[in-house]
Amino acid sequence: MNDMRNQTEDILTSRLPGYHRLQLLPKAALLDAGNGLCGLLGCSRDALMAPGGDGYTAFVHPADRERYDEFLLKAAASEQPVFCDYRLVKCDGSSVYVRDTLMPHRLADGTLAADSLLTDITDLKQSDLAQLNEKIPFGYMHYTCEKQPRILSINQQMVDMLRFPKAAEGEMDYLEMYKSNIFLMVPMEERRRFSKYLDRVYAAESPIAGDMTMLRCDGTRAHVFGMVVKCADEQGQEQFLSICVDVTERYRAQKSAEKKRYIKALADVYDKIFEYNLDANTVKCLHCGPHSYFKLFENVAMQIDDALEKWLVDSVSEENREEVRRFFMDFCQKRLHSVDGKPPKITYSARSSDGSIRQYMGLFIKVDEAVSYYCCREVKDAQADLALQLENTQLKEKMRDLVMQFSDGLAAFEVTPQYEVKPLYASENISEYFGYTREEWLPLTERYTPLESFVAYSEANMEDFETLLTVGEKEFTYFDYKTESEKKIRAICSEKEHNPNASRYVMLYDVEESETEKKQTLPENRTVSIRTFGYFDVFVGDVPIAFRNKKSKELFALLVDRKGGYITSEEAISYLWEDEPANTLTLARYRKVALRLKSTLEEYGISDIVESKDGMRRIVMDKVECDLYQYLTGKEEYRQLFKGSYLSNYSWADITLSELNNHRGE
């Protein structure tokens, strides 16, 4: 009988796959381990059975340990056979999927134990994952967290999305080349933004979602929407995971709709509009009058050189042909640029559709790196037109002339006599300026909205817009989220006409400051002085900082109030928007406010006075002079600084004010 028992135990410990015996209660502990388990894990029985803990649990994958603990508790509670799938990490660092069948029973001394049999299901799991990989409708890839990330894995959907050809024998394997540097998949102008997103994901350890442009292997571009998240592999090595879907067709449809609205707005100002595509070396007429010679070729792409020569010979007057030819040649060779940001323009004489010679003015409006619009209009009487502009007697005509004095248009609006607004066109930044998301903005272009409602979330107030409609011109500032900097725009509005029922049109244009002008605004003395007693103000030398955004100024005041302590995003939101909880909307709003503050401080050359770490911010106290900090030193020369008023702009400052009053009374 004993021989039979010994043979049975030998079979269990030596031959059954992954056999081991566990104590379930009062706590898990390994009682016995078979050779099959040792072979599966690649370790010795002595290492598994070492005293001082449960040697088996140490091999359970860290991500699966919670599931494994629940599995043991379930077996102990039911005392019935149970099974569970999880991963084990072998001694060589690789992982294996197992199905664990646990059979609880009582030992002779009453201890609740269980015999376990493991089945290696790695091949089955990998087969299931491969099938899932083929079925999921999105692309994904893992890549390292290095400065120049390397791709670790990529699924077939992403390979197809980026159009990697299958490498034939003897040919270059483009996919392997791209795997060595993920930035090869990102257009040059997008790389800085993508790199900053990765830095933000890594530091904050929270995912970022959005859309971006990717460079396909064939040189074309794909537009994707997805997310980037930081994770770890089975060995605990940090890596990024990107998941995205191809939205190229939707993006093109949206851009086409935006283009139509833009052309419609430009057509209110210009007689003819041509699209020049330098990548394709083509030109086509997008807009012209019904009797124009170019109507025959509307929306037909032609080679630039051929079209230009035919136009020069057939239309442009002989005395202007060489000048016009040189102007367009310089444009095609990208030699036309302006330091002040104004679009290149030219005036010339040409034959009109009725055969008469008339004067025209044209200019190039840049759309992107490849495409520009050439817009021109007839100048009926140049001298009279200039006189009218200088005398400011016809603002609507003045608006048309000013269009050609600034860079390409940002927006155009129609305003009815009842003060209702309908956007005709706007760049992405402008929708942000007015406080709308892209999804909220598009429906506005299809209807009229009361002006007061339209500007309710804007960064300018209603009075500013009323001034614009009354005077005809006004400058505004807005925050460009792509460059993370403040910019200026000029709004030009046609004056109320004699007909009170006529609509007016507002157009917005960038006003670029030269580098010289920017530098002149910075004082030579960079000492930062902060005044908190009374109303809050900040000075760089003797120059007060002109905060263009109230919330960014309030955030800075909040950092000063914290006296060098870090403040989290959630805490800042609770002060800046007291009646709103911290959610996706307010967090996005807060990030914009923080970026504005950073931009303002950079503008004055003092960005180092605020320190940011893992999404938290603080003021660096030893880099500023502040009346609050001086007063709290207790020195005699600062005792008279506080007179009972502190940060009068902000209600949340009452707590510190109370502390200051108590301090003064002691």
Side-chain angles (χ1 to χ4, degrees), residues 1-129 132 205 231-239:
M1 181 67 72
N2 289 335
D3 290 341
M4 180 72 71
R5 181 178 299 167
N6 290 337
Q7 289 177 9
T8 302
E9 290 180 355
D10 179 62
I11 292 172
L12 288 173
T13 58
S14 302
R15 302 183 186 179
L16 291 180
Y19 170 78
H20 58 284
R21 176 172 289 177
L22 292 168
Q23 172 186 296
L24 296 179
L25 294 177
K27 66 177 182 177
L30 185 63
L31 301 177
D32 197 6
N35 294 335
L37 178 62
C38 296
L40 179 67
L41 296 176
C43 66
S44 67
R45 187 175 185 278
D46 291 340
L48 269 174
M49 300 299 297
D54 181 4
Y56 179 77
T57 302
F59 286 91
V60 177
H61 194 287
D64 293 342
R65 284 182 185 170
E66 185 176 350
R67 183 194 309 171
Y68 179 71
D69 291 341
E70 292 175 354
F71 171 55
L72 296 184
L73 291 174
K74 182 179 179 181
S78 65
E79 296 192 28
Q80 297 292 323
V82 291
F83 70 90
C84 178
D85 296 347
Y86 55 87
R87 287 168 292 177
L88 294 173
V89 180
K90 300 164 65 173
C91 287
D92 62 5
S94 62
S95 62
V96 57
Y97 276 94
V98 296
R99 175 159 294 172
D100 190 346
T101 302
L102 207 58
M103 294 166 286
H105 59 87
R106 295 278 178 178
L107 300 179
D109 61 1
T111 300
L112 182 60
D115 291 327
S116 171
L117 295 178
L118 302 180
T119 304
D120 187 344
I121 59 171
T122 304
D123 292 340
L124 178 63
K125 282 288 187 180
Q126 290 178 342
S127 175
D128 290 342
L129 289 172
L132 178 62
E205 296 192 352
C231 56
D233 63 11
E234 295 172 351
Q235 286 74 44
Q237 293 294 317
E238 295 178 327
Q239 58 183 231

side-chain contact (heavy atoms from CB on, under 4.5 Å) for L48 and C43? Distances and angles first, verdict last. CA-CA 7 Å; L48 269 174; C43 66; 3.7 Å; yes
Identify the two heavy atoms, one from [X] and one from [Y], that lie closest to each other, and give their separation to 0.1 Å.
X    : Y    : result
L72  : A28  : CD1-CB, 3.8 Å
L37  : L118 : CD1-CD1, 3.7 Å
A75  : P104 : O-CG, 3.6 Å
F71  : V82  : CE1-CG2, 3.3 Å
L107 : A113 : CG-CB, 4.0 Å
T122 : V96  : OG1-CG2, 2.9 Å

Going by the rule salt bridge (Lys or Arg N to Asp or Glu O under 4.0 Å), which residues pair with R45 if we only count those two or more places apart in sequence or in a different chain?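 Applying salt bridge (Lys or Arg N to Asp or Glu O under 4.0 Å) to R45 gives D32.
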Do [X] and [Y] touch side chain to side chain, with heavy atoms closer than 4.5 Å?
X    : Y    : answer
Y56  : L88  : yes
S95  : K90  : no
R99  : C84  : no
T101 : S116 : no
R21  : M103 : no

Between [X] (side chain) and [Y] (backbone), is there a donor-acceptor pair under 3.5 Å?
X   : Y   : value
E66 : E70 : no
H61 : F59 : no
R87 : P62 : no

With rounding to the nearest 0.5 angstrom, report the [atom1] to [atom2] distance, [X] to [Y].
X    : Y   : atom1 : atom2 : result
T111 : L31 : OG1   : CG    : 8.0 Å
D100 : L22 : CG    : CG    : 7.5 Å
K74  : D69 : NZ    : CG    : 14.5 Å

Provide the full list of ring pair (Phe, Tyr, Trp, His ring centres under 6.0 Å) pairs with a residue in residues 72-92, sequence neighbours left out, each pair given once.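 Of all non-adjacent pairs touching residues 72-92, those that pass ring pair (Phe, Tyr, Trp, His ring centres under 6.0 Å) are Y68-Y86.
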With distance as the sole criterion, is a donor-acceptor pair present between the side chains of Y19 and D115 under 3.5 Å?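 There is such a pair between these side chains.
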Are side-chain N/O atoms of S44 and D46 paired as donor and acceptor at under 3.5 Å?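 Per modelled atom types, S44 and D46 side chains form no pair under 3.5 Å.
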With sequence neighbours excluded, give me every side-chain hydrogen bond (donor to acceptor under 3.5 Å, both in side chains) pair touching residues 75-84.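 Applying side-chain hydrogen bond (donor to acceptor under 3.5 Å, both in side chains) to every pair that reaches into residues 75-84, excluding sequence neighbours, yields E79-R106.
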Dump the intermediate steps for side-chain contact (heavy atoms from CB on, under 4.5 Å) on L40 and V98, then the final yes or no. CA-CA 10 Å; L40 179 67; V98 296; 4.1 Å; yes
